[in-house]
Amino acid sequence: MCAVLFGNEKMAADTDNTKMLMLAIFAVQKLRENVNKTFSSLHDGVKTSTEDEANVDGKVKHFVTQLHHNLCSVNDCFSDLEKLTSNIVKGSQGSSLGVTGFLSLDPVLDKTPMYQQVLQSYKWWTKLKEHSSHASSLLNYHTMRRSTSILGKKRKLQPSLLAYSLQAVDQLVSSLNRQFMDAMVITKVPNMPNVYQVTLGRTFYAIVGLQRLLIERVVIRGQHENIYMDERMVDIWTPSKYKVFQKITDHATSAMLHYQPLRPDMCFFSFMKWLHSYQKLFCSPCRHCGQFLQDNLPPTWHDFRTLLPYHEGCRQ
Amino acid sequence: MGVTCVCQWPVTESRTVQQTVEMLTRRIEVLGAVKTGNFCVDCETYQSSVPTINSTKLVHLMHNSEQPLTCFSITDTGAFLVADNHLEGIMQKLKGFYTPRKSARVESKGQRFELGDFLVKVGIVSIGPHTKGILVEVEYTPCIIVSDCWNLLSEFMQSFMGNQLPSMPTTLLAKQDLPVTPVDTMMQYLEHFNNFKKGPGGR
């Protein structure tokens, strides 16, 4: 009962407020009209002509009374407007934000813009919620196969990864070496377990860091670049000084992620096969534009499935 | 150190050497190349003072600002020795056998540009005080096998040389499938320097 009464009261207050606002708008219009009139009469000034000089005094007097009258009406309008505004402001702001609305009533907080900020963030948050709900409905509609498959397989991947012993890894590496013959040689780096050096003809070296069969880090360096940090350790972190190998390092990292959802041994095998396709890096033109160079780089992107060379800007 | 091609740039009647270099520089900079300082390749020739049956034997001592601590010595027959800069001191000691040829110091001096992995050097060749011509050196730094990247290098050179594209230098032709070394670059320079010495005087 109380709530109904309260609601009614609120509604009545709202309608009152709208009425007041309308009145205030009219008052502002009236005020502007009067101010305009005053200024235009001031702008025109006292009109005199050489013929009736005697009448000048009368005209000036008339002008002054006119100005006085105008100013009085402006003043009246302004005080009307002030009265109206003082009636409107209170209580109307807080309605949209419930209890938070009382923040605006706190006189101490008047000096801080807290309430305005709260309003702003509320608006922003509502917008965000709206956008995210749209996005989620769209994404649900086009279910992405790849991301779901990753989620589904990751749980399977972890235990099976441990099932590969170090001997199995060595076996796989030696079978790969047999398959690629001399074109690509995978060798174990001395003093560093799980790090392999892949020598691809005379094109480049790849340093591959593994966790069992899971590829964790790949760096590509030029044939004539230093790969040892000191006498014992291979440097697996410093990127190559050549732009082309920096680019291929980036692509190798994405290839590593691309093949990850596969079975660990398949992933390792596919990745090495992809790396092997770089054997003719400098002498094969882009499959799309037929040129060797784009942005002064050879075709650094090799398709993950077809293994064909493309420039980064030419890939489809 | 990658595959390098050194070629002579013709100076036409309508332009001086300086104007031609400026024109080349502008073309290279339009491609987006960045100036990265100066370079200098020089060559001093020593001849044997002990008379031999056939002819006098020559040894060329060369320096390259890319390898500032190294001295390359190349004989007429193509044998070479790469050593520390102190080699000149040894040649001083060998005065009785090899004497420096007078006014035979040739050098190519100019600006060095970088564009991605490419290095471009435009040098003015001078023998003593006389300007002889222009040599352009283009290097593709990541690759060390000539047959692998010659097409790529040609495509790059064409972008600023147009129809003046050079054919493969004889030094590189001989070792297409072997890794290149800094000596190969010096051999190319030496070949051009010898041509300049034989050729007509510069402007």
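Only a predicted model underlies this, so the values are computations on that prediction, with no experimental measurement involved. Letters go in sequence order (proteins before strands), and every chain restarts at 1. Below, all heavy atoms of this structure are taken into account, side chains as well, without hydrogens, waters or symmetry copies.
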With a 4.5 Å heavy-atom cut-off, do [X] and [Y] have their side chains touching?
X: Met157(B); Y: Val136(B); result: no
X: Met62(B); Y: Phe193(B); result: yes
X: Leu214(A); Y: Pro264(A); result: no
X: Tyr259(A); Y: Ile215(A); result: no
X: Met272(A); Y: Tyr196(A); result: no

Query raised in the report: Of the backbone (N, CA, C, O) and the side chain (C-beta and beyond), which part of Leu115(B) lies under 4.5 Å from a heavy atom of chain A, both, or neither?
Result: both
Query - Residue Phe118(B) versus chain A: region with a heavy atom under 4.5 Å - result: side chain
Under 3.5 Å, what donor-acceptor pairs does chain A form with chain B?
unit_1: Arg202(A); atom_1: NH1; unit_2: Asp177(B); atom_2: O; d: 2.4
unit_1: Arg202(A); atom_1: NH2; unit_2: Asp177(B); atom_2: O; d: 3.2
unit_1: His224(A); atom_1: NE2; unit_2: Met1(B); atom_2: O; d: 3.0
unit_1: His224(A); atom_1: NE2; unit_2: Thr141(B); atom_2: O; d: 2.9
unit_1: Lys243(A); atom_1: N; unit_2: Asp117(B); atom_2: OD1; d: 2.8
unit_1: Lys243(A); atom_1: N; unit_2: Asp117(B); atom_2: OD2; d: 3.3
unit_1: Val244(A); atom_1: N; unit_2: Asp117(B); atom_2: OD2; d: 2.9
unit_1: Cys283(A); atom_1: N; unit_2: Asp148(B); atom_2: O; d: 3.4
unit_1: Phe292(A); atom_1: N; unit_2: Glu155(B); atom_2: OE1; d: 2.8
unit_1: Phe292(A); atom_1: N; unit_2: Glu155(B); atom_2: OE2; d: 3.2
unit_1: Leu293(A); atom_1: N; unit_2: Glu155(B); atom_2: OE2; d: 2.9

Query raised in the report: Does the side chain to side chain contact (heavy atoms under 4.5 Å, CB included) test come out yes or no for Ser254(A) and Phe304(A), once each step is laid out?
Result: CA-CA 10 Å; Ser254(A) 63; Phe304(A) 293 141; 3.7 Å; yes
Query raised in the report: Are Arg263(A) and Asp265(A) within salt-bridge range, i.e. N to O under 4.0 Å?
Result: yes
**Report entry** Under 4.5 Å from a heavy atom of chain B, the part of Leu281(A) involved
**Finding:** neither
